[in-house]
2 protein chains.
Amino acid sequence: MYTISETAEKLGMSAHTLRYYEKEGIIAPQRNEAGIREFDEQHILWLQFVKKMRETQMPVTQIKAYTKLFQEGEHTAGDRLKLLEEHQQYIKDQIETLQATDEMLTKKITAYKKAMKGILN
Amino acid sequence: MYTISETAEKLGMSAHTLRYYEKEGIIAPQRNEAGIREFDEQHILWLQFVKKMRETQMPVTQIKAYTKLFQEGEHTAGDRLKLLEEHQQYIKDQIETLQATDEMLTKKITAYKKAMKGILN
DNA sequence: GTAGACCTTAGAGTGAACTCTAAGTCAAAT
DNA sequence: ATTTGACTTAGAGTTCACTCTAAGGTCTAC
């Protein structure tokens, strides 16, 4: 069992962000008698998944949608699969964009270095 | 010579965005007698570069910094090179993150499909 | 027993990058 | 001549995803 700040530390996000995710319905930690949030290993795993989705630009609204489907039960597996496949397609497109710009930059950087060498000579 | 809306159309961005970029010092189109902006091929090329940088998450402030260095002349080539190299590193890191999550999603998607097939049988 | 560090809440504030509005000018088409 | 549509401006508004504040409660160590 972890407190909010232990969980935040473990995940490299702020306690503020965790409270925000809870308000948005993305996590639902138990509370102890004093009303303090208790995160377990399952929550950590889920948050690691959420973090990966955010790092790859999945909007919080889509993560909410995915979470909601999860809570609705097994019969939503098809819809969840669709969300994951859509996001994977987004990732693949994004990789292509990044690779194209990476190559463009390599050319530009090479040209810069050549030009600067010319100046030093 | 292109008007702002022709330029916007050509680049797939809005005229609003072009005015915003001008206000930020990222472009400086000429004006005709009536005060109307005139974009030429050089502006288009520059904006295509800006667009690629934005698509790969370079912040507008960094693009501004790069533009400013450009305007200051040849002696800033080293600084500009540094900015480009830093952004290229960001891109490479981002590609790695995306690829890792892509693989994770492939596994998750496969698992989903297996589970759903099990249900259909 | 009190200081300090943690936790709680509702709700306000922030920064980035647009995106839009209102009020107005101007040139071309009918 | 007037309507249409594109252009102009300054500045306000929006969306996203946090991020922080204020006011207060509770637990642990000295």
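By convention in this document, chain letters (A, B, ...) are assigned in the order of the sequence lines, proteins followed by strands, and residues within each chain are numbered from 1.
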Show your reasoning for whether salt bridge (charged side-chain N to carboxylate O under 4.0 Å, His left out) applies to B:Glu72 and B:Lys68.
CA-CA 6 Å; B:Glu72 285 170 10; B:Lys68 192 161 171 265; 3.5 Å; yes
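- Taking the ring axis of B:Tyr112 as reference, the NZ or CZ atom of B:Lys107 does not stay both within 45° of it and closer than 6.0 Å to the ring centre.
- OP1 or OP2 of C:dT9 lies within a sub-4.0 Å distance of a side-chain N or O belonging to A:Arg37.
- Contacts of residues 42-53 of chain B with DNA chain C (heavy atom under 4.0 Å): none.
- Judged purely by distance below 3.5 Å, without hydrogens or angles, the side chains of B:Tyr2 and B:Glu41 pair a donor atom with an acceptor atom.
- Checked against a 6.0 Å centroid threshold, the rings of B:Trp46 and B:Phe70 count as neighbours.
- Within 4.0 Å (heavy atoms only), A:Ala34 reaches sugar-phosphate atoms of the nucleic acid but no base atom.
- For B:Ile36 and C:dC26, the CD1 to P distance is 10 Å, given to the nearest whole Å.
- Near-neighbour residues of DNA chain D inside residues 1-10 of chain A, defined by a heavy atom below 4.0 Å, are absent.
- A salt bridge links A:Lys113 with B:Glu85: the distance from a Lys NZ or Arg NE/NH1/NH2 to an Asp or Glu carboxylate oxygen falls below 4.0 Å.
- Atoms CZ (A:Arg31) and P (C:dC7) sit 12 Å apart, rounded to a whole Å.
- Between A:Glu22 and A:Arg31, at least one side-chain N (NZ, or NE/NH1/NH2) sits under 4.0 Å from a carboxylate O, which counts as a salt bridge.
- Using modelled atom types, one side-chain atom of A:Lys51 and one backbone atom of A:Leu11 make a donor-acceptor pair closer than 3.5 Å.
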Strictly under 4.0 angstrom, non-hydrogen atoms only: write out the protein contact profile of nucleotides 17-23 of chain D, one letter per nucleotide from the 5' end, B, S or -.
BBBBB--
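- Per the geometry, CD belonging to B:Gln30 stands 17 Å off C1' belonging to D:dC7, to the nearest Å.
- Cluster membership for B:Ile36 and B:Ile44, using ILVMFWY side-chain heavy atoms within less than 4.5 angstrom, is not shared.
- Contact between B:Glu6 and B:Thr3 at its shortest, heavy atoms only, is OE1-N, 2.9 Å.
- For A:Thr101 (side chain) and A:Leu98 (main-chain N/O), no donor-acceptor pair under 3.5 Å exists by modelled atom type.
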